[in-house]
Amino acid sequence: MGPGRGRIAPAARLRTGQVWSGGTGLTALERYRELNPQGRDADELISSIRTAQNSASPALALYAASCASCHGPAGGGGLGPSLRKSNLSREAAAEIIQHGQGSMPAYPDLQDEDLEGLLNLLMEWQADD
């Protein structure tokens with residue numbers, strides 16, 4: 001069998017419902033994103049992989065689905081600012097998430113437990129960096 005024959009490309013795997021856990025693949029995609037921050041073509045695939053990997057954590061799954069496309073797959077920034085280097089208080093972050101600010105859209109319909117999960121995640125990231 002020749003190179004690539006019989007293999008499903010990562011994007012195709014995700015489109016067909018198979019999960020590509022791809023630790024190495026994900027690392028490569030994230031590195032590509034760092035080297036070419038204007039190249040947004042990897043964002044959807046990165047978010048899809050992160051969502052699959054983080055399905056055990058509702059906050060990470062919500063972040064991957066709603067936030068990662070602007071703030072980066074691990075909160076390090078992209079079109080939007082880094083959430084890891086943020087100095088926002090929990091209350092200020094909640095205000096921005098619920099009401100939006102600048103180009104950040106509002107998410108007024110988040111369930112309380114989803115908002116609390118996101119805020120816990122953001123505060124954990126800030127404490128780590």
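If you read the sequence from its start, that first residue is 1, and numbering goes on from there. Treat the numbers as computed from the prediction; the structure is a model and nothing was measured.
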Residues L62, L121; criterion side-chain contact (heavy atoms from CB on, under 4.5 Å); working and verdict: CA-CA 11 Å; L62 178 60; L121 179 64; over 6 Å; no
In Å, rounded to the nearest 0.5 Å, how long is the span from OG of S82 to CZ of R84?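 So the gap between those two atoms works out to 7.5 Å.
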Rounded to the nearest 0.5 Å, what separation is found between the OH atom of Y63 and the CG atom of L122?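 Nearest 0.5 Å value for the OH-CG distance: 8.0 Å.
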Check residues 73-81 and write down every donor-acceptor pair under 3.5 Å in which the side-chain atom is one partner and the other belongs to a residue at least two apart or another chain.
none

Any residue meeting side-chain contact (heavy atoms from CB on, under 4.5 Å) with E113, in chain and number order, not counting sequence neighbours: Q111
Could you tell me which residues satisfy side-chain contact (heavy atoms from CB on, under 4.5 Å) with A106, sequence neighbours excluded, listed by chain and number? P108
Any idea which heavy atoms bring [X] and [Y] closest together, and the distance?
| X | Y | answer |
| --- | --- | --- |
| L83 | Q126 | O-CG, 3.6 Å |
| I97 | M104 | CA-CE, 4.0 Å |
| L88 | M123 | O-CE, 3.8 Å |
| L119 | A93 | CD2-CB, 3.7 Å |

Got a sec, which residues hit side chain to side chain donor-acceptor pair (under 3.5 Å) with Q101, two or more places apart in sequence or on another chain? none
According to salt bridge (Lys or Arg N to Asp or Glu O under 4.0 Å), who are the partners of E116, at least two apart in sequence or on a separate chain?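 By the salt bridge (Lys or Arg N to Asp or Glu O under 4.0 Å) rule, E116 matches R90.
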